[in-house]
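Report on the following structure.
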Amino acid sequence: MGLGLTLCMADWRHLGNVPVEERVRALGDATLWAADDDEYQRGGTAGSWLWPPDRGEAWCAEYDFRSTSGAFGPHARAGDAWDDMRPLVDASVREAMDAFLTGLIWDEDPAADPALSGAGGFFPPPADRWHPSVLVVCPPEALPGKVTAWSGVESRLEELREAFAAECAGWDGRPDTFEDFTALLREWGDVTAEAARRGWGLVGLP
């Protein structure tokens with residue numbers, strides 16, 4: 001089986017009160033209920049946030065991607081596709097997309113990925129890059145900039161089609177179609193907008 005991705009939107013203040021070494025487990029515990037939710041198992045929640053039954057006390061929610069099956073692979077493939085495409089893209093679109101995707105599904109310098117360092121100590125650092133403690137980390141302060149970047153590029157996604165066709169279409173390890181690629185980007189746009197609205201952060205658990 002491949003690596004999975006459980007994407008959480010979380011109240012950073014609450015997480016900050018949890019000991020560092022227990023934060024990943026706290027996130028996992030906060031989303032365990034979804035595995036027993038009948039609607040979730042039927043796929044009836046796709047494209048939405050999953051909240052625990054006692055939503056009023058919730059400090060964390062899980063996003064159910066409609067364009068993936070819960071695997072991390074589609075996100076990694078989309079990031080690799082952007083890395084291939086970006087030299088062919090207009091500079092203004094490239095800069096906005098770089099700002100949007102960095103720390104989510106792509107990093108210009110993979111070694112600088114915040115997930116690899118535990119987000120500067122906010123999460124435990126991984127034992128090695130093959131056994132990460134977290135896959136994605138986007139703290140609340142980074143999200144307004146991502147929302148701004150996405151608003152500047154969303155209406156220009158069609159400009160990426162030619163670059164996708166040239167560098168990604170038909171290649172293993174890349175999204176199957178341009179529509180698959182842009183559908184996933186739009187979901188990340190929705191995710192970042194909601195987290196920014198709440199002032200929460202994003203964490204992807206393996």
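Distance check, rounded to the nearest 0.5 Å: OG of Ser67 to CG of Leu185 gives 9.0 Å. Note: Asp11 CG to Asn17 CG = 9.0 Å, rounded to the nearest 0.5 Å. Within the model, atoms CZ of Phe181 and CZ of Arg77 stand 13.0 Å from one another, a figure rounded to the nearest 0.5 Å. Atom CG of Leu15 is separated from atom SG of Cys8 by 9.0 Å, given to the nearest 0.5 angstrom. Between Leu205 atom CG and Arg25 atom CZ the span is 13.5 Å, to the nearest 0.5 Å.
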Exercise. Run the side-chain hydrogen bond (donor to acceptor under 3.5 Å, both in side chains) check on Asp98 and Trp82 step by step: do they pass?
Worked result: CA-CA 9 Å; Asp98 283 355; Trp82 173 243; 2.9 Å; yes

Exercise. Should Arg86 and Glu95 be marked as a salt bridge (charged side-chain N to carboxylate O under 4.0 Å, His left out) after you check the CA-CA gap, both sets of side-chain angles, and the distance that decides it?
Worked result: CA-CA 9 Å; Arg86 56 190 299 275; Glu95 290 168 5; over 6 Å; no

Exercise. Which is it for Leu88 and Glu162 under the side chain to side chain contact (heavy atoms under 4.5 Å, CB included) test, yes or no, and what are the steps along the way?
Worked result: CA-CA 9 Å; Leu88 304 181; Glu162 185 175 343; over 6 Å; no

Exercise. When you look at His75 and Trp188, which way does the side chain to side chain contact (heavy atoms under 4.5 Å, CB included) test go after all the steps?
Worked result: CA-CA 10 Å; His75 305 273; Trp188 278 105; 3.1 Å; yes

Exercise. Taking it one step at a time, do Leu104 and Cys138 satisfy side chain to side chain contact (heavy atoms under 4.5 Å, CB included)?
Worked result: CA-CA 7 Å; Leu104 297 179; Cys138 189; 4.1 Å; yes

For this session: Start with the C-alpha distance between Trp59 and Glu57, add both sets of side-chain angles, then the distance that settles side chain to side chain contact (heavy atoms under 4.5 Å, CB included), and finish with yes or no.
Result: CA-CA 7 Å; Trp59 58 271; Glu57 298 296 320; over 6 Å; no

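By the 30° and 60° cut-offs, the orientation of the rings of Phe178 relative to Phe164 is perpendicular.
A donor-acceptor pair is defined here as one N or O able to donate and one able to accept, closer than 3.5 Å; no such pair exists between the side chain of Asp83 and the backbone of Gly79. For the pair Thr102 (side chain) and Ala99 (backbone), a donor-acceptor distance under 3.5 Å is absent. Judged by distance alone, with hydrogens and angles left aside, the side-chain atoms of Arg23 form a donor-acceptor pair with the main-chain N or O of Gly16 at under 3.5 Å. Not a single donor-acceptor pair under 3.5 Å links the side chain of Thr192 to the backbone N or O of Val147. Side chain of Asp109 to backbone of Ala111: a donor-acceptor contact under 3.5 angstrom is found. When atom types are taken as modelled, the side chain of Arg94 and the backbone of Val89 share a donor-acceptor pair closer than 3.5 angstrom. Under a 3.5 Å cut-off, the side chain of Thr31 and the backbone N or O of Leu27 do form a donor-acceptor pair.
Salt bridge Glu179/Arg186: absent, no basic N to carboxylate O contact under 4.0 Å.
Asp64 and Trp49 are not linked by any side-chain donor-acceptor pair at a separation below 3.5 angstrom, with hydrogens and angles left out of the test. Defined by atom type and a distance below 3.5 Å, a donor-acceptor pair is present between the side-chain atoms of Glu187 and Tyr63. When only modelled atom types and interatomic distance are considered, Ser92 and Arg156 share a side-chain donor-acceptor pair under 3.5 Å.
Residues forming a salt bridge (Lys or Arg N to Asp or Glu O under 4.0 Å) with Glu141 (at least two apart in sequence, or on another chain): none. Annotation: side chain to side chain contact (heavy atoms under 4.5 Å, CB included) contacts of Ala193 (sequence neighbours excluded): none.
Within 6.0 Å of CD on Glu154 lie more than 12 heavy atoms contributed by other residues, nucleotides or ligands. Heavy atoms of other residues, nucleotides or ligands lying less than 6.0 angstrom from CZ of Arg13 number 12 at most. Few gaps surround CD on Glu21; more than 12 heavy atoms of other groups in view lie less than 6.0 Å from it. The neighbour count for Trp51 CH2, taken as heavy atoms of other residues, nucleotides or ligands under 6.0 Å away, is above 12.
Looking at heavy atoms from C-beta onward, Val93 lies in side-chain contact with Leu160 at the 4.5 angstrom threshold.
Leu135 and Val137 sit in two unconnected hydrophobic clusters of ILVMFWY residues. Membership requires side-chain heavy atoms under 4.5 Å apart, directly or through other members. Grouping the Ile, Leu, Val, Met, Phe, Trp and Tyr side chains by contacts below 4.5 angstrom, directly or via other members, places Leu5 apart from Val134. If you chain together hydrophobic residues whose side chains sit under 4.5 Å apart, Leu116 and Leu202 never meet in one group. Under a hydrophobic-cluster definition in which Ile, Leu, Val, Met, Phe, Trp and Tyr are linked whenever side-chain heavy atoms come within less than 4.5 Å, directly or via other members, Met9 and Val24 are assigned to different clusters. Under a hydrophobic clustering in which Ile, Leu, Val, Met, Phe, Trp and Tyr are joined whenever their side-chain heavy atoms come within less than 4.5 Å, directly or via other members, Leu101 and Leu7 fall into the same cluster.
Ile105 approaches Ala78 most closely through the heavy-atom pair CD1-CB, 3.8 Å. Nearest heavy atoms, Ala96 versus Val153: CB-CB, 4.2 Å. Scanning both residues, Pro74 and Leu184, for their nearest heavy atoms gives O-CD2, 3.6 Å. Closest heavy-atom contact between Gly201 and Pro140: N-CG, 3.7 Å. In terms of heavy-atom proximity, Phe123 sits nearest to Val20 at C-CG1, 4.0 Å. For the pair Phe100 and Lys146, the tightest heavy-atom approach, listed with the atom from each and the gap, is O-NZ, 3.2 Å.
Residues Trp12 and Phe122 bring their aromatic ring centres within 6.0 Å.
Annotation: cation-pi geometry satisfied between Arg198 and Trp200 (NZ/CZ under 6.0 angstrom from ring centroid, within 45° of ring axis).
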